[in-house]
Amino acid sequence: MKRAFYMKTRKRVPGDEKNSYLDKIGGVPTHKPSEFPIYFDDVRYGFLMQIYCDKERFPDIEGVLCWQIYQHVSEQDSPIIIEVPVGAELNSNNEGTPINRLKERIIYYEEGMEPDVLEVGIGIYPEEEELKYYSSKIGGAVPEEFIDCDYEYIGTIFEDVPVEYELNFGIEALNLVRNRDGKMELIS
């Protein structure tokens, strides 16, 4: 069995401003990347979300403060992921380009346990468990397609992770994976 951290979202609450390590969707990043990504002809990508690499959820990730996901501001094309190193500067000037449609949502996690491998098929799991297994999460059951391949499965983000609106990846879900060189990638 593997630990899973199921993503849920909420509005900001008093006290959130004191925590600069919040996972979130929308707004601008809390820490600055080495450089903000450029889409084309000096048009910046818009900030989509960030996930901090704490040791509880990511015990094997070293030297990375957080991952930031960006997408074209009109939500065309696939999102990209950037690793922000430990020691990155706090974004106290609110730099970056927001995606205007996305209202800021804080990501929090509910912990659970899942089988080691996520088998694909109808009726394999009870409906309640299946809903969890196929939700936005970090860790948990590794989908069969990531067994014996060139990627380490880290988690999955579905477009409907914020209940109030859907993200627009152009596909239903993005898988967070780490390649053999240790770099993060987004795979649909």
Side-chain angles (χ1 to χ4, degrees), residues 5 7 9 12 16-17 19-109 136-139 146 149-162 165-188:
F5 298 90
M7 293 181 184
T9 63
R12 269 191 179 274
D16 281 348
E17 67 280 350
N19 184 355
S20 58
Y21 298 94
L22 288 175
D23 292 2
K24 69 178 195 163
I25 297 170
V28 294
T30 308
H31 284 84
K32 291 182 185 180
S34 301
E35 59 183 338
F36 286 95
I38 301 294
Y39 180 74
F40 183 72
D41 286 339
D42 294 331
V43 174
R44 286 188 176 179
Y45 275 95
F47 175 75
L48 188 62
M49 65 188 301
Q50 68 190 12
I51 298 171
Y52 280 89
C53 298
D54 66 45
K55 288 299 175 192
E56 181 180 19
R57 288 177 289 156
F58 306 104
D60 299 329
I61 303 295
E62 297 291 332
V64 179
L65 177 66
C66 67
W67 295 305
Q68 294 176 347
I69 299 175
Y70 292 83
Q71 190 174 22
H72 186 278
V73 291
S74 66
E75 299 175 89
Q76 306 170 39
D77 295 334
S78 297
I80 62 167
I81 189 165
I82 292 178
E83 292 184 341
V84 178
V86 170
E89 183 181 346
L90 195 61
N91 189 11
S92 53
N93 293 332
N94 291 324
E95 293 177 46
T97 304
I99 296 175
N100 292 330
R101 182 183 73 81
L102 303 181
K103 304 295 180 236
E104 188 176 65
R105 303 295 295 167
I106 302 303
I107 300 171
Y108 67 96
Y109 299 88
S136 296
K137 64 183 179 178
I138 299 299
F146 292 107
C149 75
D150 290 338
Y151 298 101
E152 173 191 2
Y153 174 78
I154 303 295
T156 302
I157 303 168
F158 283 86
E159 287 185 322
D160 66 355
V161 66
Y165 57 84
E166 287 196 358
L167 303 175
N168 186 13
F169 303 147
I171 50 167
E172 183 182 16
L174 291 175
N175 289 296
L176 297 159
V177 297
R178 192 164 53 164
N179 67 25
R180 288 183 183 229
D181 296 327
K183 296 291 182 197
M184 287 300 293
E185 294 185 28
L186 298 172
I187 296 180
S188 53

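All heavy atoms count here, side chains included; hydrogens, waters and symmetry mates do not. The structure presented is a predicted model; accordingly, all values stated were derived computationally and were not measured.
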Any side-chain heavy atom of [X] within less than 4.5 Å of one from [Y]?
| X | Y | value |
| --- | --- | --- |
| Ile82 | Ile69 | no |
| Tyr108 | Met7 | no |
| Ile107 | Met49 | yes |
| Leu90 | Thr30 | yes |
| Leu48 | Tyr70 | no |
| Leu174 | Pro79 | yes |
| Thr97 | Tyr45 | no |
| His31 | Tyr21 | yes |

> Run the side-chain contact (heavy atoms from CB on, under 4.5 Å) check on Glu62 and Lys55 step by step: do they pass?
Replying inline: CA-CA 9 Å; Glu62 297 291 332; Lys55 288 299 175 192; 3.3 Å; yes
Check [X] against [Y] and note the closest heavy-atom contact, atom names and distance.
| X | Y | value |
| --- | --- | --- |
| Gly182 | Glu83 | O-OE2, 3.8 Å |
| Phe47 | Gly27 | CD2-O, 3.4 Å |
| Pro98 | Val73 | O-CG1, 4.2 Å |
| Leu176 | Ile157 | CD1-CD1, 3.9 Å |
| Cys66 | Tyr52 | CB-CD2, 3.5 Å |
| Arg57 | Ile51 | NH1-CG2, 4.1 Å |

So, taking the atom named [atom1] in [X] and the one named [atom2] in [Y], what distance separates them when rounded to the nearest 0.5 Å?
| X | Y | atom1 | atom2 | value |
| --- | --- | --- | --- | --- |
| Glu172 | Ser188 | CD | OG | 11.5 Å |
| Ile154 | Cys53 | CD1 | SG | 9.0 Å |
| Met184 | Asn179 | CE | CG | 9.5 Å |
| Lys24 | Thr9 | NZ | OG1 | 13.5 Å |
| Leu102 | Leu167 | CG | CG | 6.0 Å |

Donor-acceptor contact below 3.5 Å, side chain [X] vs main chain [Y]:
| X | Y | answer |
| --- | --- | --- |
| Glu104 | Arg12 | no |
| Gln50 | Leu22 | yes |
| Gln71 | Asn168 | yes |

>> side-chain hydrogen bond (donor to acceptor under 3.5 Å, both in side chains) for Thr156 and Asn175? Distances and angles first, verdict last.
In response: CA-CA 4 Å; Thr156 302; Asn175 289 296; 2.8 Å; yes
> Quick one: ring-ring contact (aromatic ring centres under 6.0 Å, His included) partners of His72, sequence neighbours excluded?
Replying inline: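 His72: ring-ring contact (aromatic ring centres under 6.0 Å, His included) contacts with Tyr39.
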>> Hydrogens and angles aside, do Tyr165 and Asp160 bring a side-chain donor and acceptor to less than 3.5 Å of each other?
In response: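 On atom types as modelled, these side chains do not qualify, holding no pair under 3.5 Å.
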> Is Asp150 salt-bridged to Arg178, cutoff N-O under 4.0 Å?
Replying inline: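 A salt bridge is absent here (no side-chain N lies under 4.0 Å from a carboxylate O).
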> Does Glu166 come within less than 4.0 Å of Arg101, counting only side-chain N to carboxylate O?
Replying inline: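 Looking at Glu166 and Arg101, the cut-off is not met.
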> For Glu56, which residues count as a side-chain contact (heavy atoms from CB on, under 4.5 Å) partner, sequence neighbours excluded?
Replying inline: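 Arg3, Phe5, Asp54, Glu111.
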> NZ of Lys183: more than 12 outside heavy atoms within 6.0 angstrom?
Replying inline: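 Open: at most 12 neighbouring heavy atoms sit under 6.0 Å from NZ of Lys183.
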